[in-house]
Amino acid sequence: ATSPSPDASTAPVLPGWTHVYSGKVRDLYIPAEAADVASADRLLMVASDRISAYDWVLDTEIPDKGRVLTGLSLWWFDQLSEVIGNHVISTDVPEAVRGRGLIVRNLTMIPVEAVARGYLTGSGLADYRATGSVCGVQLPAGLTEADRLEPAIFTPATKAALGDHDENVSFDEVTEIVGAETAAAVRDLTLDIYSRAEAIARERGIVLADTKFEFGTLPDGTIVLADEVLTPDSSRFWDAAGYAPGQAQESFDKQFVRDWLTTESGWDRSSDTPPPALPAEVVERTRARYIEAFEILTGETFPA
Ligand SMILES: N#Cc1c(N)ncnc1-c1cnn(Cc2cccc(F)c2)c1
């Protein structure tokens, strides 16, 4: 396991593409003929099979995780296509990353982590317990873990350096960063898209508790969706059947990993030692949960 760093990555070498950056679980490339990112007209965004837990990128990969999350993003982009455009150009990627790579337009990214929360948990709950509000949005008194927030709230953040947590900021701070018109557009789009997605997921049995979008602009200024969207890595997925406010909800996809790490592996989470490799059974059960999420939401059979 590693504390993520943008360069020490396991990104595959891909013909025709130059690796330029790695996040915790994703790798970004530019065309080999491009001199640098700024001059590239398109990027290759690859979702790895890496999994992150407790801010560590684990040594053990989850087979098919990258393909599931890429397939989910594509399905959501299609579901949302009448509401907003997106950055996808093509899925015709090198064989080594087939099904888990997307060729996307090189956008001018809007430097805001556009977070919508329909349920109070994580850093939103922590901020609420400390101040009674989240990102400057005052909430009613007496709320508890996982309580529904209706309507959903916009709780933007600024991207932290890799390895640090994003910093929750107010709408006014977003306005200072991107200007009033863009700030309002990002807020409205974030809440509209989240609300639509939450309803779609809920009727299929999955609670989409919160999500993080990244937006970019086309040369003509049009705002479109970038990054991955509405995946278990960019959102909290809970099983609707087990939803019960007043307690921490189980992660639909990561709970087997979290439970094994904290109860059976012998790992001391409070130490700075890396977590151990996952046993095959935990890997397989986690893989099955990713495929289950894909099939529940899309209604399609995940392709072998
Ligand atoms: N998506 C997208 C995108 C775009 N369409 N245009 C310009 N920049 C980006 C872009 C830049 N960083 N990231 C996040 C990121 C980090 C690490 C690996 C990744 F795959 C992705 C996204």
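Remember, it's 1-based here, ligands and their atoms both numbered in the order they're listed.
- In terms of protein heavy-atom proximity, atom 20 (F) of ligand 1 is nearest to Met45 CG, 3.0 Å.
- Atom 14 (C) of ligand 1 has its closest protein heavy atom at Asp227 OD1, 3.5 Å.
- Numbered from 1 in the order shown, with element, the atoms of ligand 1 that lie under 4.0 Å from a heavy atom of Val104 read 5 (N).
- Within the listing of ligand 1, atoms 3 (C), 4 (C), 6 (N), 7 (C), 8 (N), 9 (C) sit less than 4.0 angstrom from a heavy atom of Leu43.
- Residues Ile110 and Val186 have side chains in contact (heavy-atom distance under 4.5 Å, counting atoms from C-beta outward).
- Shown here is Gln138, whose CD atom has no more than 12 heavy atoms of other residues, nucleotides or ligands within 6.0 Å.
- Other residues, nucleotides and ligands place more than 12 heavy atoms under 6.0 Å from the CD atom of Glu295.
- Minimum interatomic distance between Glu113 and Thr158 (heavy atoms only, all atoms of both residues): CG-C, 4.2 Å.
- Note: Tyr243 and Tyr119 have perpendicular aromatic rings, judged against thresholds of 30 and 60 degrees for the angle between ring planes.
- Atoms of ligand 1 lying under 4.0 Å from any heavy atom of Asn106, numbered from 1 in the order shown and given with element: 6 (N), 7 (C).
- With hydrogens left out, the protein atom closest to atom 12 (N) of ligand 1 is Leu28 CD2, 3.8 Å, a heavy atom.
- Protein heavy atom nearest atom 8 (N) of ligand 1, with residue, atom name and distance: Met109 CG, 3.4 Å.
- Cation-pi contact between Arg187 and Phe154: absent, since separation from the ring centre below 6.0 Å together with deviation from the ring axis within 45° is not met.
- Ligand 1 has an N or O atom lying under 3.5 Å from an N or O atom of Arg105, backbone or side chain.
- Evaluated by nearest non-hydrogen atom to atom 21 (C) of ligand 1, the leading choice among Arg26, His87, His19 is Arg26.
- An N or O contact shorter than 3.5 Å links Leu107 to ligand 1 by distance.
- Distance from atom 17 (C) of ligand 1 to its nearest protein heavy atom, with residue and atom name: Tyr21 CD2, 3.2 Å.
- Dense packing is recorded around CD of Gln247, with more than 12 heavy atoms of other residues, nucleotides or ligands lying under 6.0 Å away.
- Looking at Thr70, Leu14, Ile103 one by one, the single match for side chain to side chain contact (heavy atoms under 4.5 Å, CB included) with Val93 turns out to be Ile103.
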